[in-house]
> 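To start, I am sharing the structure in question, which I have written as C-alpha cells.
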Amino acid sequence: MSFQAYLDAVEAKTGLTPRQLVDLAHAKGWGPGTKATPIVEWLRDDYGLGRGHAMAMVHVITKGDAVDPKHVGSGGTHADPSARLWLDGKDSKPAGY
C-alpha cells in the first residue's frame, strides 16, 4: 500500500481529509518534535484508526507532505508516484498522486 493510499484510507475511515486532521492536530499544539504516542492515541480514541494509518498521519503532522525519495517511483510495495502527498481529499486528487 502506498503512503498516499494510507491517507486516502484515513479519509474514508474518518470522514475528514488528511489536511483537516493535520489542522486539528496543530490546533492541539502538535507538530514537529511531537512524539507519536499522543497523536496515535488521539486518532485511535477519537476516530478509530489503527496503528498503521495513525502512523501515516503522525508523519504528515510532524514532518509534512514530503515522501522519502527512495519510495518515489520505486515500484515497491510502498511506492508513490509523487514526492508530495495529496492532503486535500481523495475526490479532488489530481492525476499523479
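It should be emphasised that the depicted structure is a prediction, and the values quoted were computed from it without experimental measurement.
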> With clusters built from Ile, Leu, Val, Met, Phe, Trp and Tyr whose side-chain heavy atoms come within less than 4.5 Å, directly or transitively, what are the remaining members of the cluster of Leu16, listed by chain and number?
Phe3, Leu7, Val10, Leu21, Val22, Leu24, Trp30, Ile39, Val40, Trp42, Leu43, Tyr47, Leu49, Met55, Met57, Val58, Val60, Ile61, Val67, Val72, Leu85, Leu87
> Who passes salt bridge (charged side-chain N to carboxylate O under 4.0 Å, His left out) against Asp46, sequence neighbours left out?
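Here no residue qualifies.
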> Could you tell me whether Asp88 and Lys93 make a salt bridge, using a distance below 4.0 angstrom between a side-chain N and a carboxylate O?
no
> Considering non-hydrogen atoms only, spot the tightest contact between Gly89 and Glu11 and give its length.
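Closest pair (atom of Gly89, atom of Glu11, distance): CA-OE1, 3.2 Å.
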> Can you tell me if Arg51 has over 12 outside heavy atoms packed within less than 6.0 Å of its CZ?
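No, not enclosed.
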> Could you grab the distance from atom OG of Ser92 to atom OH of Tyr97, nearest 0.5 Å is fine?
10.5 Å
> Using every non-hydrogen atom in the two residues, find where Ala12 and Lys90 come nearest and quote the distance to one decimal.
CB-CE, 4.1 Å
> If you compare all heavy atoms of Ala56 against all heavy atoms of Tyr6, which two are closest, and at what distance to 0.1 Å?
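Result for this residue pair: CB-CB, 3.9 Å.
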> Write down the atom of Pro81, the atom of Gly96, and the distance for their closest heavy-atom approach.
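So the two residues come closest at CG-O, 3.7 Å.
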> Does Trp86 reach the side chain of Pro18, with side-chain heavy atoms less than 4.5 Å apart?
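Result no, sub-4.5 Å side-chain heavy-atom pair not found.
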